[in-house]
Undergrad: 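Take a look at the following structure, please.
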Amino acid sequence: MREEKIQTEGRPAFEACGSREKDFLIRAAKEYKTPGYVFDTDRFLARARFFQQILGDRIRVNFCMKANPFLTETSLSFTDRIEVCSFGEYLLTKASGIPAEKLLISGVLKKEEDIGIMVRDCRDRSLYTAESRGQLEGLERAAEKNDVTLSVYLRLTSGNQFGMDEVTILSILANFASYKRLRFYGLHFFSGTQKHKIRIHEKEIHALDRLIHRIEEETGCKVSHLEYGTGFGVPYFTDQKEDATSKEFLEEFAGLLKNMDYQGQISLEMGRALAFDCGYYLTTIREIKTNGERTYVITDGGIHQLNYDGQLRGIYTPEMDRIREDGIEAIDPDGGHSYTVCGSLCTVNDILVSKLLSQDLRPGDILVFERVGAYSFYEGMQLFLSHELPAVLLYQRERGFALARKRMESFRLNMACEGDRPFSNME
């Protein structure tokens, strides 16, 4: 980590913003149409500082850009590497001018032609993962063609389609000298996300320690680097407490790493845990109506633009605020009213919150959904019904807003190319 870019002090993990701190959301609502997203980059960087303060200098942090591509450039101030998991993500980093030295090129699928382009561009400046023998062979061919030697992580599976099992990895390393253009860099491991129990990490870290010992003992290959995907669980809803990203949990986790027999370089890849609480989704109430005993709030947003991990037909209530005129205030569950908050999609599944207990709501009020900084904004069915794609704003207190993505129509993505429309001449 580059020391001049990171500081040790900062906001502790998950400290809720006060209403005055959220005044920038009022401005965002006034100057830009809803629905829309706002990502607070100051909050994003404060969380990174918090992690680094607890983890210490030995542990590096890599940002998984799939969690929020719009934060990729901001992450350069702290991340050791940016994890790229698809050719499209690679093209994003290339278009943004991010240097190859900052990339860890990963992904369960690496097409031969894509590998060729990435190796041609990045050469030996990037790191690469191999999920299979086939990927190793593809990297070897690309390296030979470009006359370079590539540093490669072997990815260990956790019992799914990702990576290779221990037997395969040991077999590969026993004959790794056959790869003339590849250098064994280390192990890569990620078992899943939303892990809330320290015992899961303890079990995984002990298993990695044992495997590293076997590798060095049985194959003679040195594991100089370990890339570990933390998958820390985060709280999204009002009845959830912060656990896996609390100070106490992280100190215990850091202790597990410190006490490993393995004493090489460790990099932690994180996406959700870094970004989740820096994002806001704004949507305006357009209509309120009562059917039977239920009062429905119809917004200009919907589940195609907002997704929380674990949410199902709005059964959980996220942290929310309401903007009315020039003021913003938290949703008050003792407000005396119950609403079912729905979006604008033509499906009965478009329920953002099934039972929102709140003070009185009115058409024109803007609802602010918090903790949408990771995954939420593009895991939905963005192209369903050809609604507009919302604008994306980045906010920094010293500089104000930056428009990261303009609002754009999506209908053209749901039609044939102009001049090449099938059956256009049929009567």
Undergrad: Run the ring-centre check on Phe51 versus Phe78 and record whether the distance is less than 6.0 Å.
TA: no
Undergrad: Could you go through Ile172 and Thr219, starting from their C-alpha distance and side-chain angles, then the distance that decides it, and tell me whether this counts as side chain to side chain contact (heavy atoms under 4.5 Å, CB included)?
TA: CA-CA 9 Å; Ile172 288 171; Thr219 73; over 6 Å; no
Undergrad: For the residue pair Leu103 and Cys122, what are the closest heavy atoms and their distance?
TA: CD1-SG, 4.2 Å
Undergrad: Measure the spacing between CG of Leu55 and CD of Glu251 and express it to the nearest 0.5 Å.
TA: 10.5 Å
Undergrad: Determine yes or no for a side-chain-to-main-chain donor-acceptor pair under 3.5 angstrom, with Asp350 supplying the side chain and Leu345 the backbone.
TA: yes
Undergrad: Under 3.5 Å, is there a donor-acceptor pair between the side chain of Thr347 and the main chain of Asn349?
TA: yes
Undergrad: Which atom pair, heavy atoms only, marks the closest approach of Ser267 to Asp80?
TA: OG-OD2, 4.5 Å
Undergrad: Assess the pair His201 and Phe253: is the distance between their ring centroids shorter than 6.0 Å?
TA: yes
Undergrad: Between Glu216 and Ile212, is any pair of side-chain heavy atoms under 4.5 Å apart?
TA: yes
Undergrad: Is the backbone N or O of Ser126 less than 3.5 Å from a side-chain atom of Arg81, with the two atoms forming a donor-acceptor pair by type?
TA: no
Undergrad: For Ile59 and Gln52, work out which heavy atoms get closest and say how close.
TA: O-NE2, 2.9 Å
Undergrad: Quick check: does any side chain N or O of Glu140 sit under 3.5 Å from a backbone N or O of Arg181, one acting as donor and the other as acceptor?
TA: yes
Undergrad: Does a donor on one side chain and an acceptor on the other come within less than 3.5 Å for Tyr90 and Asp114?
TA: no
Undergrad: Look only at the side chain of Glu370 and the backbone of Pro318, and say whether a donor-acceptor pair between them is shorter than 3.5 Å.
TA: no
Undergrad: Sequence neighbours left out, what passes side chain to side chain donor-acceptor pair (under 3.5 Å) with Tyr153? Give chain and number order.
TA: none
Undergrad: Check whether any side-chain N or O of Thr299 sits under 3.5 Å from a backbone N or O of Cys342 as a donor-acceptor pair, and report yes or no.
TA: yes
Undergrad: Salt bridge (charged side-chain N to carboxylate O under 4.0 Å, His left out), that's the test. Do Glu144 and Lys180 meet it? Break it down for me.
TA: CA-CA 8 Å; Glu144 174 67 30; Lys180 304 299 183 183; over 6 Å; no
Undergrad: Looking at the rings of Tyr316 and Tyr308, which for Trp means the six-membered one, are their centres under 6.0 Å apart?
TA: no
Undergrad: For Tyr262, what residues pass the ring pair (Phe, Tyr, Trp, His ring centres under 6.0 Å) criterion, not counting sequence neighbours?
TA: none
Undergrad: Give the minimum heavy-atom separation between Ile169 and Met164, together with the two atoms involved.
TA: CD1-O, 3.7 Å
Undergrad: Over all heavy atoms of both residues, which pair between Arg407 and Pro390 is shortest? Give the atoms and the distance, please.
TA: NH1-CA, 4.0 Å
Undergrad: Hey, is NZ on Lys195 packed in by over 12 heavy atoms from elsewhere, all under 6.0 Å?
TA: yes
Undergrad: With respect to Tyr37, which candidate in Tyr32, Phe369, Phe70, Tyr281 satisfies the ring pair (Phe, Tyr, Trp, His ring centres under 6.0 Å) definition?
TA: Tyr281
Undergrad: Just so I know, are the side chains of Tyr395 and Tyr280 near enough to count as touching, which here means a heavy-atom distance under 4.5 Å?
TA: no
Undergrad: Set out, in order, the CA-CA distance, both residues' side-chain angles and the distance that settles side chain to side chain donor-acceptor pair (under 3.5 Å) for Glu242 and Thr245, then state yes or no.
TA: CA-CA 6 Å; Glu242 184 173 23; Thr245 52; 2.5 Å; yes
Undergrad: Distance-only, no hydrogens or angles: does the Ser376 side chain make a donor-acceptor pair with backbone N or O of Asn307 under 3.5 Å?
TA: yes
Undergrad: Please find the pair of heavy atoms, one from Arg58 and one from Leu257, that lie closest to each other, and give the distance.
TA: NH1-O, 3.3 Å
Undergrad: Could you walk me through whether Gln53 and Arg49 pass the side chain to side chain contact (heavy atoms under 4.5 Å, CB included) check?
TA: CA-CA 6 Å; Gln53 181 180 13; Arg49 289 194 294 270; over 6 Å; no
Undergrad: Please examine the side chains of Glu21 and Arg43, heavy atoms only from C-beta on, and report whether any two atoms are closer than 4.5 Å.
TA: no
Undergrad: Salt bridge (charged side-chain N to carboxylate O under 4.0 Å, His left out) for Glu112 and Arg141? Distances and angles first, verdict last.
TA: CA-CA 9 Å; Glu112 187 90 7; Arg141 287 190 291 271; 2.9 Å; yes
Undergrad: Under a 3.5 Å threshold, yes or no: a donor from one side chain and an acceptor from the other, between Arg272 and Thr193?
TA: yes
Undergrad: May I ask you to check whether Phe249 and His196 place their ring centres under 6.0 Å from each other?
TA: no
Undergrad: Could you give all pairs that pass the ring-ring contact (aromatic ring centres under 6.0 Å, His included) test and reach residues 118-145, with sequence neighbours left out?
TA: none
Undergrad: Any side-chain heavy atom of Glu166 within less than 4.5 Å of one from Arg214?
TA: yes
Undergrad: Are Phe44 and Phe63 close enough that their ring centers fall under 6.0 Å?
TA: yes
Undergrad: I would like to know whether Ile351 and Ile303 meet side chain to side chain contact (heavy atoms under 4.5 Å, CB included); could you show each step before the answer?
TA: CA-CA 7 Å; Ile351 300 175; Ile303 60 171; 5.9 Å; no
Undergrad: Please tell me if the side chains of Thr149 and Asp124 come closer than 4.5 Å, counting only heavy atoms from C-beta onward.
TA: no
Undergrad: Taking the side chain as C-beta and beyond, is there a heavy-atom pair between Leu127 and Glu227 under 4.5 Å?
TA: no
Undergrad: Measure from the side-chain N and O atoms of Arg123 to the backbone N and O of Val148, and report whether any donor-acceptor pair falls under 3.5 Å.
TA: no
Undergrad: Using only atom types and a distance under 3.5 Å, with no angle test, would you say the side chain of Thr157 pairs donor to acceptor with the backbone of Gly159?
TA: yes
Undergrad: Do any N or O atoms from the side chain of Gln194 and from the backbone of Val234 form a donor-acceptor pair under 3.5 angstrom?
TA: yes
Undergrad: Is it the case that the side chains of Lys110 and Thr129 hold a donor-acceptor pair, with the cut-off being a distance below 3.5 Å and no angle test?
TA: yes
Undergrad: Hydrogens and angles aside, do Ser246 and Asp243 bring a side-chain donor and acceptor to less than 3.5 Å of each other?
TA: no
Undergrad: Can you check side chain to side chain contact (heavy atoms under 4.5 Å, CB included) on Ile215 and Cys221, steps first, answer last?
TA: CA-CA 6 Å; Ile215 288 172; Cys221 293; 4.3 Å; yes
Undergrad: Hey, does Phe50 have a side-chain heavy atom less than 4.5 Å from the side chain of Leu250?
TA: yes
